[in-house]
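Worksheet: one structure, shown below.
Index from 1, following the sequence.
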Amino acid sequence: MFYWVVKAILGPVLAVLWQPRAEGVENVPRQGPAIMVSNHLSFSDHFFGPLPLPRKITFLAKAEYFTGKGVKGLASRLFFTGVGQIPIDRSGGKASEAALRTGLKVLKQGKLLGIYPEGTRSPDGKLYRGRTGVARLALEAEAPVVPMAMINVDKIMPPGRTVPKLGIRPKVKFGRPLDFSRYQGMEKDPRVLRAITDEIMYALMELSGQEYVDRYAQSVKAELEAAAKEERKEQHADRKDQRRAGREAKKAERAKRKAEKKALKAGNPEPDEG
């Protein structure tokens with residue numbers, strides 16, 4: 001119920017401020033389970049993606065949205081819980097298996113399940129390699145996969161920004177459902193899972209127009225963060241060297257003035273009294 005209350009309140013606000021557009025809504029099944037796979041550009045994907053649909057999308061959301069501290073953490077937890085988002089642990093191993101079981105439960109209830117196969121937000125607007133959990137879900141649940149491409153949302157609220165920008169029209173495009181029933185019974189074959197996942201990512205690439213990078217976004221993000229950290233370290237070292245050089249220059253200037261004063265005093269002795 002809270003989901004529809006939030007949507008009824010936010011929908012008109014988002015429509016007035018950003019005038020979002022949608023294409024291919026008819027490709028989303030009106031009933032029964034389906035896996036909604038989306039590229040992930042911004043926090044605002046959670047709002048603009050489900051907005052044009054008459055059905056609720058239950059997303060598997062990262063656990064960090066539910067574990068924040070203080071007022072901000074409480075607000076985030078209440079919001080994501082209220083709109084039916086399910087927290088998952090993304091640490092891998094048994095946690096990934098638990099997330100898969102949770103997703104299967106949602107699909108067996110005949111609902112729309114939302115997944116970001118990249119696993120994290122794109123650090124630079126490009127589309128990255130998908131993780132194969134979405135393929136396992138599609139085969140085990142025998143559910144169609146509907147590509148959902150988010151466009152321009154990263155310009156509204158890029159990573160690190162807390163206040164959204166105005167004057168940008170976001171767009172969501174829903175592709176035709178992908179049927180992977182030909183692979184039924186092969187959900188334990190890693191080559192099959194990779195082939196299915198790559199097909200899904202290709203569909204997203206065509207819909208979104210993004211450049212595809214055959215690497216995991218998490219790895220690229222870690223590299224970018226490490227590079228930024230190293231750059232900050234170098235800048236700090238440069239500032240430290242500049243301050244040291246400044247101190248040395250001042251010290252040399254004081255020594256020079258002292259020497260000049262001493263030389264001047266030696267060349268002009270005081271007259272004898274009497």
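Of all non-hydrogen atoms in Ala143 and Ile35, the two that sit nearest each other are CB-CG1, 4.3 Å. Across every non-hydrogen atom of Leu100 and Gly133, the tightest pair is CD1-O, 4.0 Å. Across all their heavy atoms, Arg194 and Thr132 have their closest contact at NH2-CG2, 3.5 Å. Listed here is the closest heavy atom pair of Arg55 and Gly110: NH2-O, 2.9 Å. Taking each heavy atom of Ser122 and Lys126 in turn, the nearest pair found is OG-O, 2.7 Å. Across all non-hydrogen atoms, the minimal contact from Ala34 to Leu107 is O-CD2, 3.6 Å.
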Worksheet item: Do Val192 and Phe180 pass the side chain to side chain contact (heavy atoms under 4.5 Å, CB included) test, and can you show the C-alpha distance, the side-chain angles, and the key distance before you say yes or no?
Response: CA-CA 10 Å; Val192 169; Phe180 297 107; over 6 Å; no
Discussion item. What verdict does the salt bridge (Lys or Arg N to Asp or Glu O under 4.0 Å) test give for Arg101 and Glu97, after you've listed the backbone C-alpha separation in whole Å, the side-chain angles of each residue and the deciding distance to 0.1 Å?
Written reply: CA-CA 6 Å; Arg101 296 300 142 201; Glu97 192 66 27; 3.0 Å; yes
Discussion item. Walk me through whether Arg244 and Lys240 qualify under side chain to side chain contact (heavy atoms under 4.5 Å, CB included).
Written reply: CA-CA 6 Å; Arg244 184 184 299 111; Lys240 192 174 181 179; 4.0 Å; yes
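In this pair, Phe59 and His46 present their aromatic rings perpendicular. The plane angle is above 60°, beyond the 30 to 60° band.
Glu253 has a carboxylate O that lies under 4.0 Å from a charged side-chain N of Arg257, or vice versa, which qualifies the two as a salt bridge.
Under the side-chain contact (heavy atoms from CB on, under 4.5 Å) criterion, Glu187 pairs with Leu139, Glu140, not counting sequence neighbours. Listed by chain and number, the residues in a side chain to side chain donor-acceptor pair (under 3.5 Å) with Lys221 are Thr120 (sequence neighbours excluded).
Residues Tyr116 and Ile156 are members of one and the same hydrophobic cluster, defined by side-chain heavy-atom contacts under 4.5 angstrom among Ile, Leu, Val, Met, Phe, Trp and Tyr. Tyr216 and Leu41 fall into different hydrophobic clusters, defined by Ile, Leu, Val, Met, Phe, Trp and Tyr side-chain heavy atoms under 4.5 Å apart, directly or through other members. Note on Val37: it does not cluster hydrophobically with Ile151, by side-chain heavy-atom contacts below 4.5 Å among ILVMFWY residues. A chain of hydrophobic side-chain contacts below 4.5 Å, direct or via other Ile, Leu, Val, Met, Phe, Trp or Tyr residues, connects Phe47 to Leu166. Hydrophobic clustering (side-chain heavy atoms under 4.5 Å, transitive across Ile, Leu, Val, Met, Phe, Trp, Tyr) keeps Val213 apart from Leu204.
In terms of modelled atom types and a separation under 3.5 Å, the side chain of Ser38 and the main chain of Met148 share a donor-acceptor contact. The closest donor-acceptor contact from the side chain of Gln210 to the backbone of Gly125 lies under 3.5 Å. Between the Asn152 side chain and the Lys171 main chain, no donor and acceptor come within less than 3.5 Å of each other. Side-chain N or O atoms of Asn27 include one that pairs as donor or acceptor with a backbone N or O of Phe174 at under 3.5 Å. The backbone N or O of Val13 sits nowhere less than 3.5 Å from a side-chain atom of Trp18 that would complete a donor-acceptor pair. Gln184 places no side-chain N or O within 3.5 Å of a backbone atom of Glu142 that could act as its donor or acceptor partner. Asp198 places no side-chain N or O within donor-acceptor distance of the main-chain N or O of Ala195, the cut-off being under 3.5 Å.
Between atom OH of residue Tyr128 and atom CE of residue Met205 there is a gap of 14.5 Å, rounded to the nearest 0.5 Å. Remark: Glu230 CD to Glu225 CD distance equals 14.5 Å, nearest 0.5 Å. Distance check, rounded to the nearest 0.5 Å: CG of Leu178 to OH of Tyr202 gives 12.5 Å. One distance of note links CD of Glu118 with CD of Gln218; it measures 11.5 Å at 0.5 Å rounding. Atom CG of Leu60 is separated from atom CG of Leu137 by 7.5 Å, given to the nearest 0.5 angstrom. For the atom pair Arg131 CZ and Met201 CE, the distance stands at 11.0 Å (nearest 0.5 Å).
Within 6.0 Å of NZ on Lys7 lie more than 12 heavy atoms contributed by other residues, nucleotides or ligands. Around the CZ atom of Arg30, the shell of radius 6.0 Å holds more than 12 heavy atoms that belong to other residues, nucleotides or ligands. At most 12 non-hydrogen atoms from other residues, nucleotides or ligands lie less than 6.0 angstrom from CZ of Arg176.
At least one test fails for Arg121 against the ring of Phe43: distance under 6.0 Å to the centre or angle within 45° of the axis.
Among the candidates Ile57, Leu113, Ile115, the single residue satisfying the side-chain contact (heavy atoms from CB on, under 4.5 Å) test with Met36 is Ile57.
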